[in-house]
2 protein chains.
Amino acid sequence: MSFSGPRSARLCCPPFDLPEFESLPSPTIKDVAKRSGVSLKTVSRVINREASVRTDTREKVERAIEALGYRPNPAARGLRSTHAYAIGLVYDNPNAHYVISMQEGVLSACRERGFGLQIHPCDSSAADLAEELSSLVSRSRLAGLVLAPPMSEQDELIATLKAQDICFVRIIASRDDPQDGSPCVYVDDRDAAYAITEHLIQLGHTRIGFLWGEPHHRSSPERYQGYSNAMKDYGITINKKFVLPGNYAFDDGFRRARKLLALKEPPTAIFGSNDEIAAGVLAAARSAGLDVPWDLSIAGFEDNPFSKQAWPALTTARQSTGEIGRHAALRLMDELQRKSNGADNTLANEGFTPELVVRGSTSPPRGSTPKKG
Amino acid sequence: MSFSGPRSARLCCPPFDLPEFESLPSPTIKDVAKRSGVSLKTVSRVINREASVRTDTREKVERAIEALGYRPNPAARGLRSTHAYAIGLVYDNPNAHYVISMQEGVLSACRERGFGLQIHPCDSSAADLAEELSSLVSRSRLAGLVLAPPMSEQDELIATLKAQDICFVRIIASRDDPQDGSPCVYVDDRDAAYAITEHLIQLGHTRIGFLWGEPHHRSSPERYQGYSNAMKDYGITINKKFVLPGNYAFDDGFRRARKLLALKEPPTAIFGSNDEIAAGVLAAARSAGLDVPWDLSIAGFEDNPFSKQAWPALTTARQSTGEIGRHAALRLMDELQRKSNGADNTLANEGFTPELVVRGSTSPPRGSTPKKG
DNA sequence: TGTCCTGTTGACAACGTTGTCATCCCTTCC
DNA sequence: GGAAGGGATGACAACGTTGTCAACAGGACA
């Protein structure tokens, strides 16, 4: 039998055979088949751990693979196969730090499992997002998607993906299971918001303002719920004037804080639904000549880097975003494996709770003594 | 001519033809060829920017590509071609916003040209970084690398990559050509730092402090040079006590600012080499009870999101990081194509100059009137 | 007029793998 | 003894693209 094309062609080129200067072409499935005396397809079956291969055949092939140092070619697999060897990370988040941390977590999981990672920033409000993602999956041959908020919360999008049989894992700002059996990672914003509110209450505050985030983000009602539960548990009636809707942006935090501070009896503490809002509140307090935290305590959420760099630094809730991303990716890959070969090593849906971080922007209100916890 | 397999096969499956529920397969080179009335190979030539295609043919094909939304399939390319069709983006930057913007720019270029993108955060001080990158290239089949600072400035690393024949483009904080013919994108930090210093001088400041960044980052001496040139051009002698070495971190900005402010005759303005440092200066000014900008003007560099959200917002220099990344990726891919098929559409090395952004943190010093520009 | 370029284009095979379907052989059951 | 069933294997086409080589047109040159 003759050598296959490329190998012999190469040997023709230099005047002498200089194997140490040649980068030998990688062995292919063909070489393995030849060496082990079986067909291409059988080798393929061994590689893919399919069931119907006799043990002695399998071992024969495995020995050949070992001996040749054969590695499957991902490009060829990706081209021909319905299965894929990469996952996508889909996000639309203005918070760069959040995104970077999540990327790192997901990437570490992918490396561990030999998967590729395709990042995909997108516009969560785009009308054809479902189409965009489905074409991303087919075009880049992705095995599945990690959906960060807010994409993870768009019911219509989720339904479309499911209908198209696209595998995904969702990162959700909630502790409630969606009850649809799809893999999720929960982030319990409600509990964390409760802890922040409790912290303010224990400092002696009762007039506590709350600035909502983007109403379409699941995190917003969750954070409000935490605030409202804490207030209720401590027997404090919420002054409706202290609770304002809006969005997650600095400017809107600034605007709303000025509104609160202009009240006849303004709040002594304001809980902004994220650090951007809280930074806006801080700016508004400054521009009103207030001394933070003594005239006004301020708390945020998310632990953006600048929350540490504001003056005073912001009390906030820290999410371990990297861990969350990592876990989500592992959860997804487990799910993929389960689907493809029925392995039952499935990770459970897991929850994370952001952790209260107390910094300089919160203190007891002027002329009051802290309550006991 | 008959339809190709998959399309007609799909139409057989449901009892009725329901195109709106079908996720159409992505268009292939075949579809483009059919639509533009040329052969597969000619389309391939257009995609790969080969020289020998007549202009009207090229345009015809490009119109078809546009109309169909065609994108080359990286797996198929990678399979057939000896070349790789993905590039890597290598960074080690604590500034998340910078990284995200760069990713988006690079990604947009990659999508346009049908390249894949492998992100690769790394540790710039790792001893075996060269080895890490070279194994990244071979394992992930990358055609080349976009090197962000500070990797782009490590001479030893660059030399090793070159010796291994790894193609790369560097993003460099300088306007000087490295003179080695390797592709670069320059960012003229010197000019931008000059503009910031000039702005402070024109406000009436003469006692202007300068806080260095990381000495191993090329940007640091460049920014200092801009500061020092402006001072010289305006005939102001630099007080050596006002210039302090350090690094790009908030804490170090805080520490050094306190040192400057404790001087018998402290500066009336401080130029921090980046926004982190400037934020540290702002915090130090606050903690010293100073009124910014009247008691102390502060300028930063880089236009981090939080520079807009500080109170007062920071005067700084804005880099169009996305554009820089995009251009770097295009430059790299042009270089790759030039190497492989002699296309001569090579982009020149291009330079970007960050733009002065004046905000609330700079004003004339107390009791002085601004000079004329 | 014929020959030789040179620039432009197309036909076809090939890349390494997997999906589909067919084949073969060995049981098991009536 | 024959049919039916199922496990193991192989032949072949297909995935979407690019490399190779050949063909063709038009111009320059002898």
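Sequence lines set the chain letters: A, B, ... in the order given, protein chains first and strands last, and positions in each chain run from 1.
- You'll find that the side chain of A/Ser39 is closest to D/dA11, out of C/dT8, D/dA11, C/dT17.
- The CG-P distance, from B/Leu40 to C/dC15, rounds to 18 Å in whole Å.
- Going from atom CG of B/Asp31 over to atom P of D/dG16 covers 9 Å, rounded to whole Å.
- No side-chain heavy atom of B/Val137 sits less than 4.5 Å from a side-chain heavy atom of B/Leu161.
- Following rounding to the nearest Å, A/Ile47 (CD1) and C/dG19 (P) show an atom-to-atom distance of 12 Å.
- Mapped onto DNA chain C by nearest heavy atom, A/Lys41 and B/Thr55 fall at different nucleotides, with B/Thr55 at the one closer to the 5' end.
- What separates NZ of B/Lys34 from P of D/dG16 is a distance of 12 Å, to the nearest Å.
- Between B/Asp56 atom CG and C/dG7 atom P the separation is 17 Å, expressed in whole Å.
- Taking all atoms of both residues into account, the shortest heavy-atom contact from A/Cys122 to A/Leu129 is SG-CD1, 3.9 Å.
- For D/dA8, neither phosphate oxygen OP1 nor OP2 lies less than 4.0 angstrom from any side-chain nitrogen or oxygen of A/Thr42.
- A salt bridge between B/Asp334 and B/Arg113 is present, with a side-chain N of the basic residue lying under 4.0 Å from a carboxylate O of the acidic one.
- Of the candidate nucleotides D/dT17, C/dG16, D/dA8, C/dG16 has the atom lying nearest to any side-chain atom of A/Ala76.
- Distance, B/Tyr70 OH to D/dG16 C1': 7 Å, rounded to whole Å.
- Between C/dG10, C/dT8, D/dT18, one nucleotide has an atom nearer to the side chain of B/Arg77 than all others, and that is D/dT18.
- Here the side chain of A/Ser52 is nearest to one of D/dT17, C/dT8, D/dA8, namely D/dA8.
- Nucleotides of DNA chain D nearest to B/Ala75 and B/Arg45 differ in position, and the one nearer the 5' end is that of B/Ala75.
- Considering only heavy atoms from C-beta on, B/Leu40 comes within 4.5 Å of B/Lys30 through its side chain.
- For D/dC15, the OP1/OP2 oxygens have no side-chain nitrogen or oxygen of B/Asn73 closer than 4.0 Å.
- Within 3.5 Å, no donor on the side chain of B/Lys30 pairs with an acceptor on the base of D/dG16, nor the reverse.
- Annotation: side chain to side chain donor-acceptor pair (under 3.5 Å) contacts involving residues 53-62 of chain A, sequence neighbours excluded, comprise A/Arg54-A/Asp56.
- Exactly one residue among B/Leu133, B/Ile87, B/Val169, B/Leu332 makes a side-chain contact (heavy atoms from CB on, under 4.5 Å) with B/Leu145. That residue is B/Leu133.
- In this structure, the nucleotide among C/dT9, C/dT17, D/dT17 sitting nearest to the side chain of A/Ile29 is C/dT17.
- Summarising the geometry, the separation between NZ on A/Lys60 and C1' on D/dG10 is reported as 13 Å, rounded to the nearest angstrom.
- Counting heavy atoms from C-beta on, the side chains of A/Thr160 and A/Gln154 never come closer than 4.5 Å.
- In terms of polar N and O atoms assigned as donor or acceptor, the side chain of B/Arg71 never comes within less than 3.5 Å of the base of D/dG16 in a complementary pairing.
- Classification of A/Glu350 and A/Arg331 as a salt-bridged pair fails, no side-chain N sitting under 4.0 Å from a carboxylate O.
- One donor-acceptor pair, N or O on each side, does fall under 3.5 Å between the base of D/dT18 and the side chain of B/Arg80.
- Here the side chain of B/Val38 is nearest to one of C/dC21, C/dG10, C/dT17, namely C/dG10.
- In the helix from C/dT1-D/dA30 to C/dC30-D/dG1, the end axes, each obtained as the rotation axis mapping the C1' atoms of four pairs onto the next four within a five-pair block, lie 50° apart to the nearest 10 degrees.
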